K.L.:
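One structure, pasted below without further comment.
Here the structure is a predicted model, which is why all the values come from computation and not from measurement.
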Amino acid sequence: MKSKIVLAMLMFFLICFLPANSQTDSKTGDNYTLLTMPYNKRPLTLYKGQFQVNAGYEFAVRIHSFDSDGNLKVLKDNGTASVFHNFCLKIKFGITDFLEFAAETNYLKKGIRSVTMQYLSSSTESITVNTVNETRGLGDLLLITSLRLPISYKWFDFGIKGGLFLPTAKYKPSRPTHTITETTVPNIFEINYHFNNTNGFGVPVYLLSSAVKFTLSKFSLESDFTFRKPVKEGENIRWDQVMTNKTFTYFNQPYKYLLNRVIDINASIHFQATGWFNIQLNSNYYRSGGGWTEYWGDKYRNPDEQLFSLEPGFEIRMSPAFTVYEFASIPLSGKNIDAPFCMLFTVTYNLFPFKK
């Protein structure tokens, strides 16, 4: 880890001494010019005084997953396929031409159904058991400060960012809402387990990232590396239940946990077809591991997760203020992780509220 940091610093200082044009476009351009700047000419951060609101909706279909050996499993074959809904909001502001502040959060709604089980009891009862783990609610608030090179290059840009997830969201699960459905046939009934989870981490999580962008005519290459790690261990509760005479009694037990460390790497190629239309193909590599969860007083290591996806997409500038982004995420390989097919639609609003 230390060697990577030293290498990144050496690259940063080396690039600072490359020939460059020290005048940024935002110093000479009017509002219309800056707001209609195509992707291949835009820097990694906003211009000074630029305010941006990003509202996005992600729809994911969970029909596949990868097991510990990297084998693809088809979830719809056993009736456990599901869909996710994720609503995202990000607000950004350019403090200077090379310094940016952002805040973001999300609202997630998903339900994961387990394989339906059937049991025969000693009293000749037939019991069908369904289990749903639902996650719903706001995510934690992420605050980010981004810094790019304080000089403008026509063909190159480099930036770093640091952020912190504040544990503002609810993270303790609500009491389960299990139900029992009796049929008209004697001694046959269904037990429907429904667990209600939340969307918060429960502890502060810091984020470090770097990005680089190369531009040649209408083509751009961009890559970024993000590292996420929890600040400390957390404590949560786990709900359990006892069923007596077809009535549930709930109780909870506290447990400790340590969130996984996460590495996220993106590499993309962009083609600026016209000034208002940009096409991109991104590759994403996600890796998670190193955490643990407590069960009955013992710590168990969380499974290591990996996922590699391709993400084709495009950007359309509808007006100087409004831009539309859309891309799909297609999982290709992974381990110990769900592999949903995702579609993300984002509308961006830009303005210079303090600049005439």
Side-chain angles (χ1 to χ4, degrees), residues 60 62 65 75 78-87 105-141 165-205 230 232-260 288 291-303 305 336-338:
R62 178 180 173 269
S65 68
L75 300 178
N78 55 24
T80 61
S82 58
V83 297
F84 302 171
H85 303 275
N86 189 24
F87 302 88
T105 188
N106 73 305
Y107 180 88
L108 178 65
K109 180 182 178 182
K110 68 177 182 180
I112 298 179
R113 181 181 298 275
S114 301
V115 177
T116 298
M117 306 295 292
Q118 290 187 328
Y119 301 92
L120 291 175
S121 69
S122 57
S123 58
T124 68
E125 289 181 325
S126 177
I127 304 172
T128 301
V129 178
N130 303 305
T131 303
V132 174
N133 278 278
E134 184 178 21
T135 301
R136 181 197 298 259
L138 285 171
D140 292 327
L141 178 64
F165 287 90
L166 301 177
T168 56
K170 184 179 179 181
Y171 67 96
K172 291 185 177 181
S174 301
R175 194 178 75 166
T177 51
H178 305 329
T179 59
I180 297 177
T181 303
E182 299 197 50
T183 66
T184 56
V185 180
N187 298 326
I188 298 179
F189 61 96
E190 288 186 352
I191 300 177
N192 302 298
Y193 292 115
H194 192 129
F195 295 93
N196 301 300
N197 303 305
T198 52
N199 193 26
F201 290 140
V203 296
V205 176
K232 61 179 181 178
E233 299 176 4
E235 185 171 329
N236 208 331
I237 59 172
R238 184 180 293 116
W239 286 96
D240 207 341
Q241 63 282 322
V242 173
M243 186 178 69
T244 306
N245 296 324
K246 298 182 181 180
T247 300
F248 286 104
T249 301
Y250 303 99
F251 59 94
N252 63 73
Q253 296 285 342
Y255 72 94
K256 295 182 179 180
Y257 64 95
L258 179 67
L259 295 173
N260 280 357
S288 170
W292 50 263
T293 304
E294 184 182 53
Y295 292 92
W296 305 288
D298 295 323
K299 296 179 180 179
Y300 293 86
R301 181 183 175 88
N302 297 335
E305 299 177 333
N336 285 323
I337 197 169
D338 288 334

K.L.:
NZ of Lys299 to CD of Glu294: how many Å apart, nearest 0.5 Å?
P.N.:
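Going from NZ on Lys299 over to CD on Glu294, the span is 7.5 Å.
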
K.L.:
Hey, what's the ring geometry for His85 with Phe87, parallel, tilted or perpendicular (30° and 60° as the breaks)?
P.N.:
parallel

K.L.:
Do you know which two heavy atoms are closest between Gly200 and Ala169, and how far apart they sit?
P.N.:
CA-CB, 3.9 Å

K.L.:
Please report the interatomic distance CZ(Phe84) to CD1(Ile112), rounded to the nearest 0.5 Å.
P.N.:
4.5 Å

K.L.:
Output the distance between atom CD1 (Ile127) and atom CE (Met243), rounded to the nearest 0.5 Å.
P.N.:
6.0 Å

K.L.:
Any idea how Trp239 and Tyr250 line up, ring-wise: parallel (<30°), tilted (30 to 60°), or perpendicular (>60°)?
P.N.:
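Judged by the thresholds at 30° and 60°, the geometry between Trp239 and Tyr250 is perpendicular.
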
K.L.:
Sort and list the pairs that fulfil salt bridge (Lys or Arg N to Asp or Glu O under 4.0 Å) and have at least one residue in residues 242-254, not counting sequence neighbours.
P.N.:
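Of all non-adjacent pairs touching residues 242-254, those that pass salt bridge (Lys or Arg N to Asp or Glu O under 4.0 Å) are Glu182-Lys246.
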
K.L.:
So, taking the atom named CZ in Arg62 and the one named OG1 in Thr80, what distance separates them when rounded to the nearest 0.5 Å?
P.N.:
5.5 Å

K.L.:
Check whether any side-chain N or O of Ser82 sits under 3.5 Å from a backbone N or O of Gly111 as a donor-acceptor pair, and report yes or no.
P.N.:
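Yes; judged by distance alone, with no hydrogens or angles, the pair exists.
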
K.L.:
Any side-chain donor paired with an acceptor under 3.5 Å for Ser174 and Asn196?
P.N.:
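No pair is found: no donor N or O on one side chain lies under 3.5 Å from an acceptor on the other.
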
K.L.:
Quick check: closest heavy atoms across Phe248 and His178, and the distance to 0.1 Å?
P.N.:
CE1-CB, 3.5 Å

K.L.:
Would you say CZ of Arg238 has more than 12 non-hydrogen atoms from neighbouring residues, nucleotides or ligands within 6.0 angstrom?
P.N.:
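Count over threshold, so yes.
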
K.L.:
Rounded to the nearest 0.5 Å, what separates atom CG in Asn236 from atom OG1 in Thr198?
P.N.:
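Rounded to the nearest 0.5 Å, the CG-OG1 separation comes out at 6.5 Å.
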
K.L.:
Has Asp140 got a side-chain atom pairing as donor or acceptor with Phe201's backbone, closer than 3.5 angstrom?
P.N.:
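Such a contact is found between Asp140 side chain and Phe201 backbone.
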
K.L.:
About how many Å separate CD of Gln118 and CG of Asn130, when rounded to the nearest 0.5 Å?
P.N.:
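Answer rounded to 0.5 Å: 9.0 Å.
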
K.L.:
With side chain to side chain contact (heavy atoms under 4.5 Å, CB included) as the test, would you mind laying out the steps for Thr131 and Phe195 before giving the verdict?
P.N.:
CA-CA 8 Å; Thr131 303; Phe195 295 93; 4.1 Å; yes

K.L.:
Have Thr293 and Asn302 got a donor and an acceptor in their side chains that come within less than 3.5 Å?
P.N.:
yes

K.L.:
Walk me through it: do Trp296 and Gln253 pass the test side chain to side chain contact (heavy atoms under 4.5 Å, CB included)?
P.N.:
CA-CA 9 Å; Trp296 305 288; Gln253 296 285 342; over 6 Å; no

